[in-house]
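To start, the structure itself, in structure tokens.
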Amino acid sequence: WKLGLEEVKKAVQGAGFISIDAEFTGLGSRSTVLANTAQCVYDGIRSDVNNYPVIQLGICAVHFDERLNEWLAKPFNFYVLPKSVHFPETAFNPLLERTFSFDASSIRFLQQHGFDFGKMFNSGVSYLNITDEAIIREKYTTKLKALRIPKHIKPEDKAYLDDFQKNVEEWMSGVKGSGTSADSEKPVFEFETSKSSVQRKLVYEFLESHDPQVSFVQDPFADSSSQSKIIRLKYHPDKGDSLGLTVSERKLLEELDCILSDFRGIRTLFDILIEAKLSLVVHNGFYDLCKVVSQFHCDLPESIKEWKTLVHGLFPCVIDTKRLARVLNDRVVQESLDKAGTGLADSVESLKKRLSATKTASMPVLRDEFGKYNDESSIHEAGYDAFLTAQLLLLMVAHDTNLPNPELAAVLHGSLKSNRFLSTFSNQLPVTRCLTTSWIDLSTEAEDISHFLNGGKVLHVTGDSCANNMRKVVSRLTSKSEASVRMTWSSSEPECHVFISRAKSSVDSNGNSNAHAIDDLVKSIVELCATHQW
């Protein structure tokens, strides 16, 4: 793992952009719930974000080699394991417990594509986000303080300790206000302890943990035969906070910090990606980004508005290849993806064939420098899918711009602020199974609603087998229409929603007005519904 981490660091430092992909133990509510708003979709993901964690993370660092005139990739694949945190390691009760679920269908899917569950459980890399680490440290600090306090302290001993604490705190307020320096030779505070060994122990524990800016020593010239002791306190303004812990307790906390440093695991890797500030490429990445940010950075905020701000701060330029296909509005690209379905490998191969047939675009080829994915198909391994996501981006942008490799590299390696081409489709993530929006914009705090409904229509269709049949019909009708259409449907209900947005351009290829395109398409679909009694 540590060797792999160093390799990732080197690869990212030399990359022009990075792509990621992830595999999960299940999809949770996303697979069944049809949401009204993007916030509702986000709420569903957030509610079970820890129940179905990332168990495989793929990262692909891509750069263009000018000398070879080649696109080169360094893909990495990491198995991830949710681990409980025990300290000491022999402790039965964990400081942080991990409980997660598997969908039976997801297990079957992963097994069919060669997922090694043995490797995951035996050598999967742990993770610990910022929120969990802070909770663990606070929990353990509280536990140490609780163990220090005697369970049964006599009233007279408690009264003595309370009185002593009051005197010391009053002295501290005065000495800090007077500006006494650490170089002063004069004892600032001197007192005689109780003859009771219990009360003396309580005093020593309090002084050890109260304030690191105060040191205390016994008077070496005091009567050694006396049961009480003379104690002198001195102020040191240059020392930091002790967190209210004794010296031995602070040492235990330092040991815990070492354990937590190892447990951070994938978070260390994620921090490398954040610090690089490179363009981050995903495919249909809303769900993936919610998961990886939650597991490897911090707990998700309540609102999608706050989440967008968080993600945009971590990755200023996010490119989603699924959204890019819509933005480019290219029939060759869109039909290639629609024909392939959701498979990345099929999408890449389909698009390669279509682009080769057009002979109008340059054909950038992405080569795996490690050699694993050049000749071997590892479909739905996260590292391979990250590799394919990067390849899909190159193919789509090359087809749209018709640029040769060097100019293409200049476009994709450029910063977002200075790159007009990147700014047209970056930071836009598709939102599936949502009634009021088809995508969200990470770069704005504005609410994401009705991106596609400006002047459009929504048809709610119910009836037996309507969803499957309607998908085929809509695909056929829209191939001849200038209106833009998308659908959502529920796997548990015989219904679907058809969203028809305004025409892609104000005129068609013959220069005629397209104002009627939406109404014409609505009429065709309504007639079809009447035929099938939907």
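Counting heavy-atom neighbours within 6.0 Å of Glu66 CD, excluding the residue itself, gives a total of 12 or less. For Leu3, the CG atom counts as loosely surrounded, since its 6.0 Å shell holds 12 or fewer non-hydrogen atoms of other residues, nucleotides or ligands. With a 6.0 Å radius and a threshold of 12 heavy atoms from other residues, nucleotides or ligands, Lys83 has its NZ atom above the threshold.
To the nearest 0.5 Å, atoms CG (Leu429) and OG (Ser438) are separated by 11.5 Å. Taking CD1 from Ile18 and OG from Ser279, the interatomic distance works out to 8.5 Å, rounded to the nearest 0.5 Å. Taking CE from Met120 and CD1 from Ile55, the interatomic distance works out to 5.0 Å, rounded to the nearest 0.5 Å. With rounding to the nearest 0.5 Å, the separation of CD in Gln39 from CD in Glu302 is 9.0 Å. Distance CD/Glu381 to CG/Asp116: 10.0 Å, rounded to 0.5 Å. With rounding to the nearest 0.5 Å, the separation of CG in Leu388 from OG in Ser19 is 9.0 Å.
Using a distance-only test at 3.5 Å, with no hydrogens or angles considered, a donor-acceptor pair links the side chain of Asn427 to the main chain of Pro316. Of the possible polar contacts, none joining the Arg323 side chain to the Phe425 backbone as a donor-acceptor pair under 3.5 Å is found. A distance-only check finds no donor-acceptor pair linking the side chain of Lys322 to the backbone of Pro430 [under 3.5 Å]. The closest donor-acceptor contact from the side chain of Ser126 to the backbone of Phe263 lies under 3.5 Å. Although no hydrogens or angles enter the test, the distance criterion places no donor-acceptor pair under 3.5 Å between the side chain of Asp103 and the main chain of Ser105. Within the 3.5 Å criterion, the main-chain N or O of Thr444 finds a donor-acceptor partner in the side chain of Lys308. Using a distance-only test at 3.5 Å, with no hydrogens or angles considered, a donor-acceptor pair links the side chain of Gln56 to the main chain of Ala382. With hydrogens and angles ignored, the 3.5 Å screen pairs a side-chain donor or acceptor of Ser47 with a backbone N or O of Gly44. Using modelled atom types, no side-chain atom of Asp65 and backbone atom of Asn69 make a donor-acceptor pair closer than 3.5 Å. Side chain of Thr131 to main chain of Cys298: no donor-acceptor pair is present (N/O by atom type, distance under 3.5 Å, no hydrogens or angles).
Between Leu459 and Ile525 the shortest side-chain heavy-atom distance falls below 4.5 Å. Counting only heavy atoms from C-beta outward, the side chains of Leu324 and Leu392 never approach each other to under 4.5 Å. In this structure the side chain of Phe315 reaches within 4.5 angstrom of the side chain of Leu273, judged on heavy atoms. With contacts defined as side-chain heavy-atom distances shorter than 4.5 Å, the pair Leu366/Trp71 qualifies. The side-chain heavy atoms of Phe117 and Ile107, taken from C-beta on, include a pair separated by under 4.5 Å. By the 4.5 Å heavy-atom criterion applied to side chains, Val292 and His297 are not counted as neighbours. Using a 4.5 Å heavy-atom threshold, the side chains of Leu110 and Thr25 count as separate. Arg98 is listed as a side-chain neighbour of Leu96, based on a closest heavy-atom distance under 4.5 Å.
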Evaluate Leu260 against Leu128 for side chain to side chain contact (heavy atoms under 4.5 Å, CB included), listing each step before the verdict. CA-CA 8 Å; Leu260 296 182; Leu128 191 67; 3.7 Å; yes
Run Tyr52 and Leu27 through side chain to side chain contact (heavy atoms under 4.5 Å, CB included) and show every step you take. CA-CA 7 Å; Tyr52 299 94; Leu27 297 179; over 6 Å; no
Given Trp439 and Thr432, is the side chain to side chain contact (heavy atoms under 4.5 Å, CB included) satisfied, shown in steps? CA-CA 8 Å; Trp439 58 277; Thr432 57; over 6 Å; no
Determine, step by step, whether Thr37 and Thr437 satisfy the side chain to side chain contact (heavy atoms under 4.5 Å, CB included) criterion, reporting the C-alpha distance in whole Å, the side-chain angles of both residues, the deciding distance to 0.1 Å, and the verdict. CA-CA 7 Å; Thr37 65; Thr437 187; over 6 Å; no
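Scanning both residues, Gly285 and Asp320, for their nearest heavy atoms gives N-OD2, 2.7 Å. Of all non-hydrogen atoms in Tyr287 and Gly26, the two that sit nearest each other are OH-O, 3.5 Å. Heavy-atom minimum distance, Pro75 versus Tyr373: CG-CD1, 3.5 Å. In terms of heavy-atom proximity, Val461 sits nearest to Cys529 at CG1-SG, 3.9 Å. The heavy-atom pair separating Phe17 from Leu278 by the smallest distance is CA-CB, 4.4 Å. Ile304 and Ala38 get closest at one heavy-atom pair: CD1-O, 3.8 Å.
Tested against His283 for a side chain to side chain donor-acceptor pair (under 3.5 Å), the candidates Asp385, Thr321, Asp288, Thr389 yield a single pass: Thr321. A side-chain contact (heavy atoms from CB on, under 4.5 Å) with Leu280 is found for one member of Ile274, Leu289, Leu314, Ile319 and no other, namely Leu289. With Phe115 as reference, Tyr79 is the one residue of Phe24, Tyr79, Tyr384, Phe109 to meet the ring-ring contact (aromatic ring centres under 6.0 Å, His included) rule. A side-chain contact (heavy atoms from CB on, under 4.5 Å) with Phe286 is found for one member of Val431, Val311, Leu442 and no other, namely Val431. For the pairing with Phe78, the ring-ring contact (aromatic ring centres under 6.0 Å, His included) check across Phe270, Phe296, Trp1, Tyr127 returns one residue only, Trp1.
No hydrogens or angles considered: a donor-acceptor pair under 3.5 Å links the side chains of Glu306 and Ser303.
Ring planes of Phe370 and Phe76: perpendicular class, angle over 60° (limits at 30 and 60°). Ring geometry for Trp307 versus Tyr42: interplanar angle of 30 to 60°, hence tilted.
The salt bridge (Lys or Arg N to Asp or Glu O under 4.0 Å) analysis of residues 261-283, with sequence neighbours excluded, yields the pairs Glu133-Arg264, Glu133-Arg267.
In this structure Asn77 satisfies the side chain to side chain donor-acceptor pair (under 3.5 Å) test with no other residue, sequence neighbours excluded.
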